[in-house]
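Written below as structure tokens is the structure these notes are about.
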Amino acid sequence: MIRNLMRSGAIFIFTLPVQAQGIDGGTLGFEYGYNADRHISQTTLGGSLGFGLGGLSLQGDLAKRFSNGGPDAFSLGAHVLADVGSASAVGAFVSYDDLAGAGEDYKMGVEGKFAASDRLGVEAYLMRVNRSAGRSDFGALGLDASFGLSESSAINAGFFRAGGGTGLTRYSLGVGYDLSPTVRLNLDAARLMSDNDRDSVFGLSLGYTFGNGATFSQRDYPHLLPGF
């Protein structure tokens, strides 16, 4: 039932005309990740769309991942959020992942985005992940930060930790550069560590922003664990 509601909601959000009243903007993205230890490459296509609802805002997410080694994935997500100041917001989210042939994941959590200074932005979240196919549920947390070097470039850093029986940690560091006022290029390197494995992942992404863009990052499997 939850999956059907989220799928219907995403179709509704993403088929609305951009000119419709209340549409704030959104993002479209392409991501490529390469796991140098497993020799797996993955491509993710997706985007987000946000619109205002009076004092609150709603954001819908959609993503599709293609992989030559790990599971393909189709993901939906939704956020309800409120602005709490300039470039800052708090919200709650849910997401659904269909991992082709490997089960389904349902996520829910809370999130916040804050401008620590004119150059430093921080986004943090806590979530609970419920999994099908006999896999263990777990809690997770994440933190992403971006420090502006200039008006068009920034250093990006990320941290993700999944607890419980999963025991997975991801660290990332990269750079971002604005190719134009609406197109951004990001390059990053990440280290994924679990009880039994150590993986090095290299990524490239291109993002297109229209209107006011999207407030929060996507919380789906392809974007939380690229290259894994």
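Residue numbers start at 1 and run along the sequence shown.
- Checked by atom type and distance alone, the side chain of Lys113 pairs as donor or acceptor with a backbone atom of Thr215 at under 3.5 Å.
- Using a 4.5 Å cut-off between side-chain heavy atoms of Ile, Leu, Val, Met, Phe, Trp and Tyr, with links allowed through other members, Leu49 and Val80 fall into the same hydrophobic cluster.
- We find the OH-OG distance between Tyr32 and Ser205 to be 13.5 Å, quoted to the nearest 0.5 Å.
- A distance of 5.5 Å separates CD1 in Ile40 from OG in Ser67, rounded to the nearest 0.5 Å.
- In this structure, CG on Asp137 lies 4.5 Å from CG on Asn130, to the nearest 0.5 angstrom.
- Counting heavy atoms from C-beta outward, Tyr171 and Met193 have side chains that approach closer than 4.5 Å.
- Under the 3.5 Å distance criterion, the side-chain polar atoms of Thr44 are left unmatched by any main-chain donor or acceptor of Glu31.
- Using a 4.5 Å cut-off on side-chain heavy atoms (C-beta onward), Val183 and Leu206 make contact.
- Within a 6.0 Å sphere centred on OH of Tyr177, other residues, nucleotides and ligands contribute 12 heavy atoms or fewer.
- A donor-acceptor pair under 3.5 Å links the side-chain atoms of Ser88 to the main chain of Ala115, judged by distance alone.
- Of the possible polar contacts, none joining the Arg219 side chain to the Met108 backbone as a donor-acceptor pair under 3.5 Å is found.
- Side-chain atoms of Thr43 and Arg65 form no donor-acceptor pair, as typed in the model, at a separation below 3.5 Å.
- Hydrophobic cluster membership differs between Leu81 and Phe114, with clusters built from Ile, Leu, Val, Met, Phe, Trp and Tyr side chains linked at under 4.5 angstrom.
- Annotation: side chain of Phe202 is not in contact with side chain of Leu187 (no heavy-atom distance under 4.5 Å).
- Residues His223 and Ser217 form no side-chain contact, since every pair of their non-hydrogen atoms from C-beta on lies 4.5 Å or further apart.
- Asn68 CG: more than 12 foreign heavy atoms inside a 6.0 Å radius.
- Here Phe147 contributes atom CZ and Ile155 contributes atom CD1; the two are 7.5 Å apart, rounded to the nearest 0.5 Å.
- Put simply, Tyr125 and Leu168 are part of the same group of oily side chains (I, L, V, M, F, W, Y) that touch within less than 4.5 Å, one to the next.
- Between the Ser172 side chain and the Gly158 main chain, a donor and an acceptor come within less than 3.5 Å of each other.
- Between the Gln59 side chain and the Phe216 main chain, a donor and an acceptor come within less than 3.5 Å of each other.
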Take Leu192 and Asp197 through the test side-chain contact (heavy atoms from CB on, under 4.5 Å) and record every step on the way to the result. CA-CA 8 Å; Leu192 286 86; Asp197 296 298; over 6 Å; no
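- Using a 4.5 Å cut-off between side-chain heavy atoms of Ile, Leu, Val, Met, Phe, Trp and Tyr, with links allowed through other members, Phe30 and Leu179 fall into the same hydrophobic cluster.
- To the nearest 0.5 Å, atom OG of residue Ser95 and atom OH of residue Tyr221 are 13.0 Å apart.
- Contact between Asp83 and Ala89 at its shortest, heavy atoms only, is OD1-CB, 3.9 Å.
- Taking the side chain as every heavy atom from C-beta outward, Leu99 and Arg135 approach each other to under 4.5 Å.
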Please test Leu224 against Arg170 for side-chain contact (heavy atoms from CB on, under 4.5 Å), starting from the C-alpha separation and ending with a verdict. CA-CA 9 Å; Leu224 291 176; Arg170 184 181 192 271; over 6 Å; no
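- Annotation for Phe138 and Arg128: closest pair C-NH1, 3.3 Å, computed over non-hydrogen atoms.
- Listed for the Asp24 side chain is a donor-acceptor partner under 3.5 Å among the backbone atoms of Gly52.
- Not a single donor-acceptor pair under 3.5 Å links the side chain of Asp188 to the backbone N or O of Leu173.
- Two residues are said to be in side-chain contact when any heavy atoms from C-beta on lie closer than 4.5 Å; Arg191 and Ser200 meet this criterion.
- The two residues Phe159 and Thr169 make their nearest non-hydrogen contact at CE1-CG2, 3.6 Å.
- Electrostatic pairing of Arg184 and Asp178 counts as a salt bridge here, judged by a charged N lying under 4.0 Å from a carboxylate O.
- Proximity of a side-chain donor or acceptor of Asp97 to a complementary backbone N or O of Asp220 within less than 3.5 Å is not detected.
- Proximity of Arg198 to Asp37: side-chain heavy atoms (C-beta onward) are nowhere separated by under 4.5 Å.
- Between the side chains of Asn156 and Asn186, a donor-acceptor pair is found at a separation under 3.5 Å.
- Distance check: Glu151 CD to Arg119 CZ gives 11.0 Å after rounding to the nearest 0.5 Å.
- Both Tyr208 and Leu204 belong to a common hydrophobic cluster when Ile, Leu, Val, Met, Phe, Trp and Tyr are linked at side-chain heavy-atom distances under 4.5 angstrom.
- The side-chain heavy atoms of Tyr96 and Val94, taken from C-beta on, include no pair separated by under 4.5 Å.
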